[in-house]
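Structure record follows, encoded as structure tokens.
Atom set for the values below is all heavy atoms of this structure, side chains included, hydrogens, waters and symmetry mates excluded. The model shown is predicted, which means the values in this text are computed figures rather than measured ones. When a residue number appears, it is its place in the shown sequence, counting from 1.
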Amino acid sequence: MPTPFASPSAGSSAPSSGTAASSATEKFIASAEAHSAHNYHPLPIVVASAEGAWMTDVEGRRYLDMLAGYSALNFGHGNRRLIEAAKAQLDRVTLTSRAFHHDRFAEFCTRLAELCGKEMVLPMNTGAEAVETAVKTARKWGYRVKGVPDGRAKIVVAAENFHGRTTTIVSFSTDEEARADFGPYTPGFEIVPYGDLAALRAAVTNETVAVLLEPIQGEAGVLVPPAGYLAGVRELTRERGVLFMADEIQSGLGRTGRTFACEHEGVVPDVYLLGKALGGGVVPVSAVVADADVLGVFKPGEHGSTFGGNPLACAVGLEVVDMLSTGEFQQRATELGDHLHAELSLLTGAGKVTEVRGRGLWAGVDIAPSHGTGREVSEKLMERGVLVKDTHGATIRIAPPLVISKEDLDWGLDQLRAVLS
């Protein structure tokens with residue numbers, strides 16, 4: 001097990017004796033391995049509590065969280081505003097189903113629509129549900145508004161995408177690990193290279209109802225598209241009468257230094273897909289946000305969710321919207337993100353990493369082969385008290401909570417330098 005460690009603001013860490021502590025961790029992990037499906041390969045740490053940018057394991061050891069739940073924890077662990085909003089709502093009512101109105105629903109939808117500059121909100125729970133809802137929205141819009149013949153609607157997506165893990169979504173994935181053995185696959189999708197406007201233009205036909213893209217591809221390694229790409233997508237979709245649907249589930253809500261990653265190119269899509277940080281790391285909250293001429297295609301009974309838009313979710317989501325409305329978190333992500341990328345670029349110059357990509361407090365770091373795989377580097381960082389996650393073999397993703405202090409961020413980067421030394 002790792003030796004004790006501390007950061008400038010971490011306070012004291014666990015006792016140096018590792019025997020009892022090791023057995024506690026091993027006991028939890030062995031039980032999980034025995035009684036849960038092995039659909040994840042987590043790092044060997046068992047978290048017991050967390051606050052801000054720090055997590056504490058069952059041994060009392062503290063770790064700097066540099067992943068933030070894949071951006072679900074943009075506002076940090078245990079954010080007091082969000083916890084208090086949740087606690088207050090827990091004492092009132094948590095679920096009504098959409099069979100009835102409740103007193104938090106209208107305000108949440110109104111305020112979220114305003115944040116997005118749109119007219120309507122369709123709330124769901126998980127990011128995958130938001131994507132499924134967007135697919136249904138685009139198809140129904142295509143048949144009812146655009147006039148595409150029934151059953152012929154096509155949606156264009158990008159290679160290396162990650163939009164979720166339902167059977168429909170993996171049908172248009174190019175990741176064989178996520179896709180293999182889950183067929184037969186859902187038809188109706190055309191896949192083009194990410195960032196290639198010419199390929200996108202060639203794929204759009206009279207039967208195309210939407211283009212669905214991540215403004216930055218997170219799971220693929222935090223891939224930022226070429227300058228002008230998103231603006232070109234916006235121009236093409238408007239020209240051809242096709243919906244531009246931006247999956248901002250991971251990139252949105254402050255992560256890149258703007259409310260939405262699309263804003264970096266001055267682009268406003270027809271449809272926003274939101275999730276992760278919308279629930280503040282407290283409850284799962286997702287939403288599809290668009291104008292009435294798009295979401296207005298739904299009639300009662302055509303789509304729904306028992307928990308979607310529940311009172312607890314709306315209370316937390318409304319607090320998230322209020323926090324984002326100040327611009328404080330976007331500004332923080334911009335300033336700390338500039339610092340993060342400046343520091344990471346030095347590693348590239350030193351030959352320790354081959355490439356760094358990203359925006360704001362979000363980076364994909366390709367580790368030089370001589371320094372190990374992404375998993376190996378993640379494990380070594382864990383031993384030094386920093387938690388990240390690998391993807392695609394050589395890449396580690398860095399995405400700390402937006403509330404992280406510069407001092408703690410620098411300490412975490414120091415640990416990365418030490419691992420790569």
Side-chain angles (χ1 to χ4, degrees), residues 38-45 65-72 127-128 131 157-166 169-182 185 189 191-196 199 212-226 229 247-252 255-256 261 275-276 337 340-341 344-345 347-348 350-382 386-400 412-413 415-416 419-420:
H38 299 169
N39 58 319
Y40 278 93
H41 184 205
L43 293 173
I45 170 181
D65 181 3
M66 297 277 272
L67 187 65
Y70 303 104
S71 292
V131 175
V157 299
E160 307 302 323
N161 70 75
F162 184 83
H163 297 285
R165 297 189 184 274
T166 67
I169 294 171
V170 300
S171 294
F172 56 87
S173 172
T174 57
D175 181 352
E176 279 306 305
E177 188 175 16
R179 173 183 167 87
D181 298 328
F182 297 127
Y185 301 110
F189 300 95
I191 303 172
V192 300
Y194 187 62
D196 189 334
L212 169 61
L213 296 172
E214 299 160 271
I216 296 176
Q217 290 191 324
E219 186 71 17
V222 195
L223 302 183
V224 179
Y229 176 67
D247 181 344
E248 293 261 18
I249 292 168
Q250 192 169 175
S251 63
R255 172 55 56 187
T256 68
K276 293 193 184 297
L340 170 68
H341 286 278
L344 290 175
S345 68
L347 296 176
T348 305
K352 301 177 187 299
V353 304
T354 58
E355 186 179 2
V356 175
R357 300 169 301 276
R359 276 198 170 121
L361 268 179
W362 197 15
V365 181
D366 291 346
I367 305 299
S370 58
H371 286 81
T373 66
R375 174 75 184 197
E376 289 168 344
V377 170
S378 297
E379 290 173 345
K380 289 176 182 177
L381 281 169
M382 182 197 74
V386 175
L387 299 178
V388 300
K389 193 66 173 70
D390 59 292
T391 186
H392 288 263
T395 304
I396 62 170
R397 289 164 289 181
I398 297 176
L413 291 171
Q415 308 319 301
L416 177 59
V419 164
L420 297 177

Heavy atoms, side chains only, cut-off 4.5 Å: are Val222 and Ile398 in contact? no
Apply side chain to side chain contact (heavy atoms under 4.5 Å, CB included) to residues Val386 and Leu416 and explain how you reach the verdict. CA-CA 8 Å; Val386 175; Leu416 177 59; over 6 Å; no
In Å and rounded to the nearest 0.5 Å, what is the CE to CZ distance from Met66 to Arg397? 14.0 Å
Determine whether Glu355 and Thr348 make a side-chain contact, defined as any pair of heavy atoms from C-beta on separated by less than 4.5 Å. no
Which residues pass the side-chain hydrogen bond (donor to acceptor under 3.5 Å, both in side chains) test with Ser378, sequence neighbours left out? none
Donor-acceptor under 3.5 Å (Thr391 side chain, Glu219 main chain): yes
Return the orientation label for the His163 and Phe172 ring planes: parallel under 30°, perpendicular over 60°, tilted otherwise. tilted
Residue list, side-chain hydrogen bond (donor to acceptor under 3.5 Å, both in side chains) with Glu160, at least two apart or on another chain: none
Side-chain contact, heavy-atom cut-off 4.5 Å: Leu347 with Val356? no
Taking C-beta and beyond as the side chain, do Leu413 and Leu344 meet within less than 4.5 Å on heavy atoms? yes
Set out, in order, the CA-CA distance, both residues' side-chain angles and the distance that settles side chain to side chain contact (heavy atoms under 4.5 Å, CB included) for Thr373 and Asp390, then state yes or no. CA-CA 8 Å; Thr373 66; Asp390 59 292; over 6 Å; no
Within a strict 4.5 Å, meaning less than it, do heavy atoms of the Leu43 and Arg375 side chains meet? yes
What pairs with Asp366 under side-chain hydrogen bond (donor to acceptor under 3.5 Å, both in side chains), at least two apart in sequence or on another chain? Arg357, Thr395
Any side-chain heavy atom of Pro44 sitting closer than 4.5 Å to one from Met382? yes
Strictly distance-based, threshold 3.5 Å: is any side-chain N or O of Tyr229 a donor or acceptor partner for the main-chain N or O of Tyr194? no
In sequence, state the C-alpha distance, the side-chain angles, and the governing distance for Asn161 and Gln217, and then conclude on side chain to side chain contact (heavy atoms under 4.5 Å, CB included). CA-CA 6 Å; Asn161 70 75; Gln217 290 191 324; 4.1 Å; yes
With a 4.5 Å cut-off on side-chain heavy atoms, are Phe182 and Arg165 touching? no
Determine, stepwise, if the pair Lys380 / Glu376 fulfils salt bridge (Lys or Arg N to Asp or Glu O under 4.0 Å). CA-CA 6 Å; Lys380 289 176 182 177; Glu376 289 168 344; 5.8 Å; no
Hey, does Ile396 have a side-chain heavy atom less than 4.5 Å from the side chain of Val365? yes
Let's go through Ile367 and Leu420 carefully: what are the C-alpha distance in whole Å and the side-chain angles of both, what is the deciding distance for side chain to side chain contact (heavy atoms under 4.5 Å, CB included) to 0.1 Å, and is it a yes or a no? CA-CA 9 Å; Ile367 305 299; Leu420 297 177; 4.2 Å; yes
